[in-house]
Amino acid sequence: MPTEAELSLVTRALSGDRAAFDALVRQLGNLTYARLYLETGDAHRTEDLVQETWLRAYRCLAQLKKPELLRSWLLSIVQNVLIDEFRQHGRKKRLAPPQIDMDVLLNQPSAGLTPPESATRAEDREQVLDALRGLPEEYRLPLTLRYLFEADAEEIQQQLGLTNGSLRGLLHRGLKMLRARLGPGFGE
Amino acid sequence: MSEHQWVQESLGLFLAKGLPAGDAERLRTHLQQCPECAQFARETKALERRLTGLFASQRPDAELADTVLAAIPQTVTTPKPKKVVRQRSRAFQVASIFGVVVLMIVAGSVVTGTVLDPDGEGLNLQFLAATRAMETVASAELSEARRAKRLYEELSQSVKEKKQTAFPVPNRDPDLVDFPVPNVDPDRRDPDWGIKYSIDKIDKFSVPGVATGPNTPGVPSLPDWSQPFPVPEPVAFQIDPAPAAGQRKLIIRTGTLQFDVDSYDVALAFVEKAVAAVKGASVLTKGKQVAERSTGSVVIRVPPETLDDLVDRIRRELGKVGELKSEKIGSEDVSKQYTDLESRLKAARVSEERFLKMIKDAKGEIKDLVEAEKALAGVRTKVEEIEGELRYYANQIGLSTLTVTLQERDVTETERNTLNVEVAELDEATRKAHDAIAELKGRLLSANDGKTRTTLRFEVAPELAGTMRDRLKALGTVLLLDNERKLAGTGLAPLGGKAKRGDAVFEVTLFASAHLPAKQIIVMRLAVTDVVKTFPKIRDDISKATTILHDQMKQADRLNVTGELHFEVRRAEEIKVLQRLADLGEELGRDVKSSGAGDSATDSKVIVQLHLVSAALIKPRKTYVITVRVSDVDNEFKRIEGLTKSAGGAVSKEVKDHTDAGRVTNSATFDVPLAQLEAIAEEVGRGNDVRSKSSTQDSEAPEGKLAKGRLEITFRHDDLLGPDRSFGGQFGAGLSLALQGLSLSLRWLVIAVVFFGPWLLLAIGGLWLYRRMFPTPVNEQAGES
């Protein structure tokens, strides 16, 4: 359930308050990014799609009838954006081998990573993402947020609108399943 | 839950810094104590760090939100989804317009009410005012109606009173209460009620114009005219106190009655009896004219108040012996004449007295006296004249005059007999009829002798009419006897049958039997095997016993021969002759109808119209339609033909058909005697392939000895003589093969679908269910370790 402050933001945005909408974008931007990245596995495309998602959200804001359903509404928009994206570019994006990210290559010399190392990382990432995609739905986003953004519990709860103590179980069982999927030797 | 388990489950949240401070302390403590859990924690932390490291480069730019927001147009209001202008239906539009108009009207009325009447009750007040105005109008109308009703009641009351004045019913007597029409509206009352009433209750009322006082019954006393004339006191004639004094009603009532009676004398006796019963009435004169029909009249004087009673009595009495023809009761107002005469009398008296005084005093000269004497004589004459007239009036007023005229009626009854007699010998019968007329002293009016009939018209005395009828009946067969009695003369049907009987008139027609048309025609239809031979035979045969009127034979073709034979036959021989005819062939029908000749037709003979038709035209009683497949069409046909011929039948039709391909069919129709039909039909089926067989029965067709049966047989030879090489045949064969293949494959398809379809569906459904129930088969055991 969203918090009171968030609900008032949504109500204001619905009544045409642009500032409130902006606040919503800043607040939930990471959630949409995480969701999109989970599916695409590509930071640049994800950024584009985040933009597309919020543009659509802004356009059809009036269709959000119940403010408390903000997240499911937003995620359904994300889903539509993804469907359109995959439809447009065929199935290659999801199945395409991870491209070598030149930016990362160029911008992270300090990490001392050589190109083959980077390629290995991309492969590992893809492996992790695959494992994440295979998890039951409710475990995917908490874990994605946790590792993509290194988010702490508070951040995850805020992004997902979780108010009860369910995060403990989600993290524990999710990690357990993820570990099982990645295999015993992954952490080393 | 063990501490280890708790620590392991909480580790994820702990690493995410989400564990409450107390719990975190507890966990840390446990990790320090438990190396196993510490190891697990280290591994987990390492995995998380590795994962976090993997994705570190994939995090979005910090400016992502700004970029996103920059791309969203800076509009102040939230763009609403484009409103779709829906096309409303025409009915909706019209309804909307109507609704708007009604709304406007309501709004207008509200505004008017509130603006013109700020205290807000304007509408109600206006409405109330309108209602009150309407009520006022209504009540005004109501009172108007009430007034009109009262006026009408007053008027009808006054009319009622007037009626009571006009009829001598001045007031209601207590013993009149049971009078039959007390409650009826005066205007609807039986118009005669007053008369009846006055007649029944006459004694109770005074009669206007005559009574000396309003309630004085009986005859008024007449003034004594020998005395100096007393001027009647005005009050003496006053019947109604309402009219002003001096107004008198002097009325003369007279009546006339006319009766048709059987006998004058009897009727007179009844009249006298009625007169005797009425007080004060007397017969003044009675006269009789003696003739075949006596007539006479009786003049009765009666006090006016009992006139109606008398009229009623006479009507009642004479109703028994006669009939009222006319009745007239009249009254004449002579008040004016009477008053004039009185004035003149008074003046004459005055001058008479003056002259008398002049003579008594004997003043003046003789000449004057003589003159006075002369004048006195003139005045006296005048006085007497006036007195005489007054006396006459008084007499007439005092007693009404009723004249009853009696007339005997004259009715003659004449009898008229019309007789049509059929006789064998006309001349002899005519002679006998003449003899009878002479014998019974009849008077012959006209006679018309003819060759075929004699018409006689004569009269005989009424008492001999019966005898005459019997004599005439004996002459022969009576075709018509019409006896009509007619009354002629004045008056209506005689009472007690006392009518004179006039001579009976006879109109007799004697018909010669031979020349009379027959009454009945028998139409007989007869079927014979051979008309050509039978017809002359019948003609010769019956010409001996009967009269042939018409004979004709028509031969349209060999089979279609008809004969037409009309003849007359005596009733006695009718059955015999018809039976003989019926034996010659098959009787198809017999109609008996009227010849339409009417009364002058005889029943002693009948006309027979015989229609002869050929037996070949008889419709088959039963028909078999058979189709057989045979190996040899011609042979089989010949076999059946032979059977038919030997049974006495014939082939009536044969159609033989050879097709190109050598197929042979023969459709033939065999007519056989009905008796042989079943046997032959059985024979057709023997040894052959009967493909179809049906039979129809015609119940209208005759069933006798000439009855027919019919066989319509189609012989078929299906086998082709050689292979069919025509294009049609080849094409047909190819198409047939293709269609057979299609049909076979279709059959397989259907079998396959029906056999395997359900199992296939079941398998797919099971698989789908399985996938749903176990979406990701995760190895839980592996994670535990």
Side-chain angles (χ1 to χ4, degrees), chain A residues 13-16 18 21-22 25-26 29-30 33 37 41-43 46-47 50-51 54-55 58-63 101 103-104 107-108 121 124-125 128 134-136 146-154 156-157 167-172 174-182 184 186-188, chain B residues 5-20 23 42-83 775-785:
Chain A
L14 278 173
S15 64
R18 176 61 195 263
F21 183 77
D22 288 0
V25 172
R26 286 178 202 289
N30 281 353
Y33 186 90
Y37 182 78
D42 181 347
T46 304
E47 282 180 13
V50 165
Q51 187 150 348
W54 284 104
L55 196 61
Y58 185 68
R59 282 201 191 118
C60 52
L61 190 60
Q63 286 173 5
D101 195 331
D103 277 351
V104 173
N107 293 339
Q108 292 193 338
R121 279 178 161 245
D124 286 351
R125 269 205 303 272
V128 173
L135 290 182
R146 174 92 179 91
Y147 304 123
L148 183 58
F149 292 105
E150 211 178 347
D152 56 13
E154 193 189 341
I156 295 170
Q157 281 180 336
L167 189 61
R168 177 170 166 263
L170 286 174
L171 285 177
H172 164 64
L175 191 58
K176 194 171 165 187
M177 280 187 270
L178 184 66
R179 189 180 285 153
R181 284 180 164 269
L182 288 174
F186 185 79
E188 278 74 49
Chain B
Q5 208 171 344
W6 181 82
V7 166
Q8 287 184 9
E9 282 182 11
S10 302
L11 195 61
L13 194 60
F14 173 74
L15 291 175
K17 303 185 185 72
L19 209 61
D23 286 347
R42 269 194 298 278
E43 278 174 20
T44 308
K45 204 171 179 180
L47 176 67
E48 288 212 315
R49 196 173 295 137
R50 173 150 163 69
L51 289 169
T52 316
L54 265 179
F55 288 107
S57 66
Q58 301 296 314
R59 284 172 204 157
D61 287 343
E63 302 85 37
L64 177 63
D66 295 327
T67 325
V68 166
L69 289 172
I72 295 170
Q74 271 293 342
T75 41
V76 180
T77 52
T78 315
K80 296 247 162 73
K82 211 177 193 179
K83 194 163 185 183
T776 39
V778 175
N779 192 346
E780 293 274 324
Q781 295 304 316
E784 280 295 326
S785 59

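First the proteins, then the strands, lettered A, B, ... as listed; each starts at 1.
Side chain of A:R121 to backbone of B:G53: a donor-acceptor contact under 3.5 angstrom is found. Here the side chain of A:R168 pairs no donor or acceptor atom with the backbone of B:L13 at under 3.5 angstrom.
Ranked by heavy-atom pairs under 4.5 Å with chain B, the list A:Y33, A:W54, A:F149 is led by A:Y33. Of the listed residues (A:L170, A:T46, A:I156, A:D152), the one with the most heavy-atom contacts under 4.5 Å to chain B is A:D152. Taking chain B as the reference chain and counting heavy-atom pairs below 4.5 Å, the highest number among A:L178, A:L55, A:L148 is found for A:L148.
In this structure, B:S57 and A:R125 approach most closely via the heavy-atom pair OG-NH1, 3.5 Å.
Residue B:L11: no heavy atom, backbone or side chain, is found under 4.5 Å from chain A.
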**Report entry** Check against side-chain contact (heavy atoms from CB on, under 4.5 Å), B:R59 and A:E150
**Finding:** CA-CA 10 Å; B:R59 284 172 204 157; A:E150 211 178 347; 3.5 Å; yes
